[in-house]
Amino acid sequence: MQLNDVYSLRTEPEEFIHIQERLAGQIDVSRPLRLDDLRTVAGVDLAYAGEEEGETGFCHIAVFDAATMQVVERAEAVGKIDVPYIPGFLTFRELPLIVEAARKLETVPDLFLFDGNGILHPRRMGIAAHSSFFLGRPTIGVAKTYFKVRETEYVEPEREKGSWTDIIVDGEALGRAVRTSAGVKPVFVSPGNGIDLDSATEVALSLTGSESRLPIPVREADMATRRMRRRWEEEQKSCP
DNA sequence: GCGACAG
DNA sequence: ATCTTGTCGC
């Protein structure tokens, strides 16, 4: 998979905001996209081991055939993480390993799903939105917990599976609180880039099974990421 | 100083 | 995100 290079992410904190604001103007969330139009969909996630200096990140991308929902390819990347987690700037911490892993993919997924937000972000540049510029494909953000944007609270959707409520900020619906399974906590869906909110919601719901409130691709990447860490810690212990 | 805080 | 045992429930 051919990708753009990750620019120098090790910049100054204020530079992060400038980068996000510049890219925000290039986001397109007007495009309808049906799951039927997608041949492959990928889930992206990271796990961590250690802390501060010496923190290691494990990234995994699981590509599924949208028709059969079978994994058709996987790619991983392991490396030192030198950027701390700062709310609103998750991308700068995770993007390097995501791009490194994506470059190893032979197949180019038609869509990427992230564990985190899309445009439901203070500067409309959550990790799913930001990553789209490096992956060159439509992206969707699915966060497990709510990230409040400009004092906007979300309205609890009905208990039934598939119900949702819009999260409107400054008159625009940036995302939705979606009940992917009856009675469970909602997830927060927002388009990253190259797809509209309705489509993002439908795709996220269609890809969610009964085993988790998260879409299957994201869930798979999450589990795989823990396996990577477990194996890594085992060989760390056996080979000093 | 206090509260908020995607992963 | 990660640290962690048992425990309530389908």
Side-chain angles (χ1 to χ4, degrees), chain A residues 9 13 16-17 19-20 23-24 27 43-61 76-99 101 112-132 139-154 159 161 167 169 174-178 180-193 197 200 204 209-215 217-230 232-233 236:
Chain A
L9 288 172
F16 287 177
I17 291 181
I19 290 171
Q20 295 181 326
L23 291 175
I27 290 289
V44 185
D45 195 27
L46 277 82
Y48 300 88
E51 32 197 89
E52 299 295 301
E53 300 296 307
E55 181 172 27
T56 301
F58 304 82
C59 176
H60 188 100
I61 298 179
E76 306 178 329
V78 180
K80 287 290 179 289
I81 298 296
D82 42 33
V83 178
Y85 167 65
I86 302 172
F89 303 96
L90 176 65
T91 305
F92 300 95
R93 175 174 165 79
E94 309 196 327
L95 186 58
L97 285 184
I98 290 173
V99 170
F112 286 89
L113 288 130
F114 288 79
D115 190 333
N117 295 309
I119 62 172
L120 180 58
H121 178 279
R123 288 166 292 285
R124 308 160 129 256
M125 200 48 60
I127 191 167
H130 200 146
S131 297
S132 72
T139 58
I140 294 174
V142 182
K144 296 184 294 299
T145 62
Y146 186 55
F147 188 29
K148 191 187 299 181
V149 174
R150 299 197 52 171
E151 303 297 280
T152 303
E153 299 292 350
Y154 77 89
R159 187 178 187 288
K161 173 185 173 69
I167 296 170
V169 180
L174 296 185
R176 287 173 179 163
V178 181
T180 52
S181 291
V184 304
K185 293 194 305 178
V187 295
F188 304 87
V189 178
S190 60
N193 196 5
L197 180 57
S210 57
E211 64 294 308
S212 169
R213 66 193 178 104
L214 291 174
V218 176
R219 176 54 177 161
E220 177 55 37
D222 177 71
M223 295 189 293
T225 229
R226 297 171 194 281
R227 287 198 293 272
M228 289 174 71
R229 180 177 58 197
R230 179 172 55 71
W232 182 83
E233 293 180 322
Q236 286 292 300

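Because the structure is predicted, anything quoted here is derived from the model rather than measured. Sequence lines set the chain letters: A, B, ... in the order given, protein chains first and strands last, and positions in each chain run from 1. Side-chain atoms are counted along with the backbone in the values below, which use heavy atoms only and exclude waters and symmetry mates.
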Base, sugar-phosphate alone, or nothing: which one does [X] contact when heavy atoms must sit under 4.0 Å apart?
X	result
A:Phe188	nothing
A:Ile127	base
A:Asp115	sugar-phosphate
A:Phe89	base
A:Tyr85	base
A:Gly141	nothing
A:Ala49	nothing

Rounded to whole Å, please give me the gap between [atom1] in [X] and [atom2] in [N].
X	N	atom1	atom2	value
A:His121	B:dC5	NE2	P	14 Å
A:Phe147	B:dG3	CZ	P	19 Å
A:Arg226	B:dG7	CZ	C1'	11 Å
A:Asp45	B:dA6	CG	C1'	12 Å
A:Tyr48	C:dT2	OH	C1'	11 Å

- [ ] Report yes if the side chains of A:Phe89 and A:Ile17 come closer than 4.5 Å at any heavy-atom pair, otherwise no.
- [x] yes
Open item on the list: Please find the pair of heavy atoms, one from A:Ala177 and one from A:Ile167, that lie closest to each other, and give the distance.
Closed with: N-CD1, 3.9 Å
Open item on the list: Is there a side-chain contact between A:Thr145 and the phosphate of B:dC5, meaning an N or O under 4.0 Å from OP1 or OP2?
Closed with: no
Open item on the list: B:dA6, OP1 or OP2 - any side-chain N/O from A:Lys148 closer than 4.0 Å?
Closed with: no
TODO: Looking only at side-chain atoms of A:Lys144, point me to the closest of C:dA1, C:dT2, B:dC5.
DONE: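 So the nucleotide nearest the side chain must be C:dA1.
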TODO: With C1' as the reference atom in both, quote the distance from C:dT2 to B:dC5 in angstrom, rounded to an integer.
DONE: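 C:dT2 and B:dC5 have their C1' atoms separated by 16 Å.
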Open item on the list: If the threshold is 4.0 Å, N to carboxylate O, is there a salt bridge linking A:Arg226 and A:Glu233?
Closed with: no
TODO: Please say whether more than 12 non-hydrogen atoms of neighbouring residues, nucleotides or ligands are located less than 6.0 Å from CD in A:Glu53.
DONE: no
Open item on the list: Please tell me whether A:Glu94 and A:Tyr85 have a donor and an acceptor in their side chains that are separated by less than 3.5 angstrom.
Closed with: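 Checked: A:Glu94/A:Tyr85 side chains show no N/O donor-acceptor pair below 3.5 Å.
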